[in-house]
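Along the sequence shown, residues are numbered consecutively beginning with 1.
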Amino acid sequence: MRFGLGRRHPPGPRGFRRSDERIHEEVCTRLTLDPWIDASELEVRVNGGEVLLEGEVDTREQRWHAEDLAWSVLGVEDVLTRVRVRGLVPGRPPAPPRAHDEPLREPVMTEPAHPSRLSSFRTGLEWGGVGRRPRDW
């Protein structure tokens with residue numbers, strides 16, 4: 001199998017296997033340095049190249065991102081996730097909203113004043129014919 005067709009990393013020397021300690025250290029380092037995850041409530045365990053993530057995070061995106069970070073480490077064979085989202089844990093209040101979670105104050109798009117004229121709306125791209133790219137490119 002060629003690299004890039006199903007493998008995350010190129011193959012190493014025959015018989016090479018990273019130790020669980022090195023994998024553990026790199027997963028913890030990546031979680032610590034990542035600005036999108038508060039990893040203070042996460043625990044990482046490694047056994048035979050399998051990474052187990054346990055704990056809580058604020059959002060589903062942080063949970064998915066933590067799993068992706070673990071998968072990106074060289075030597076990881078599998079990632080098991082037992083990470084809960086704080087707002088979804090029964091009996092626990094959701095995490096307080098942060099500044100970037102605030103709703104938009106103004107709508108991004110408004111409806112056109114005359115919906116009947118929507119069909120004449122031009123995107124600004126004019127095609128020069130079949131198989132050709134737009135002229136504005």
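Using a 4.5 Å cut-off between side-chain heavy atoms of Ile, Leu, Val, Met, Phe, Trp and Tyr, with links allowed through other members, Trp71 and Val27 fall into the same hydrophobic cluster.
To the nearest 0.5 Å, atom CD1 of residue Ile37 and atom CG of residue Leu42 are 7.0 Å apart. Atoms CG and CG, on Leu69 and Leu33 in that order, are 10.0 Å from each other to the nearest 0.5 Å. Rounding to the nearest 0.5 Å gives a distance of 11.5 Å between CD of Glu61 and CG of Asp68.
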Donor-acceptor list for residues 44-52 side chains, cut-off 3.5 Å, not counting sequence neighbours:
unit_1: Arg45; atom_1: NE; unit_2: Glu43; atom_2: OE2; d: 3.0
unit_1: Arg45; atom_1: NH2; unit_2: Glu43; atom_2: OE2; d: 3.2
unit_1: Arg45; atom_1: NH2; unit_2: Glu54; atom_2: OE1; d: 3.3

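In this structure, Trp36 and Gln62 approach most closely via the heavy-atom pair O-NE2, 3.2 Å. Heavy-atom minimum distance, Asp58 versus Val85: O-CG1, 3.4 Å. Between Arg63 and Thr81, the closest heavy-atom pair is NE-CG2, 4.1 Å.
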- [ ] Check the pair Ser72, Arg30 against side-chain hydrogen bond (donor to acceptor under 3.5 Å, both in side chains), reporting the backbone distance first and the verdict last.
- [x] CA-CA 10 Å; Ser72 70; Arg30 289 186 187 200; 2.6 Å; yes
Task: Chi angles and distances behind the side chain to side chain contact (heavy atoms under 4.5 Å, CB included) call for Arg84, Glu41 - done: CA-CA 10 Å; Arg84 293 182 176 209; Glu41 296 293 322; over 6 Å; no
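Here the side chains of Arg60 and His65 are not in contact, with every heavy-atom distance at 4.5 Å or above. Looking at heavy atoms from C-beta onward, Leu31 lies in side-chain contact with Leu53 at the 4.5 angstrom threshold.
Listed for the Arg18 side chain is a donor-acceptor partner under 3.5 Å among the backbone atoms of Leu74.
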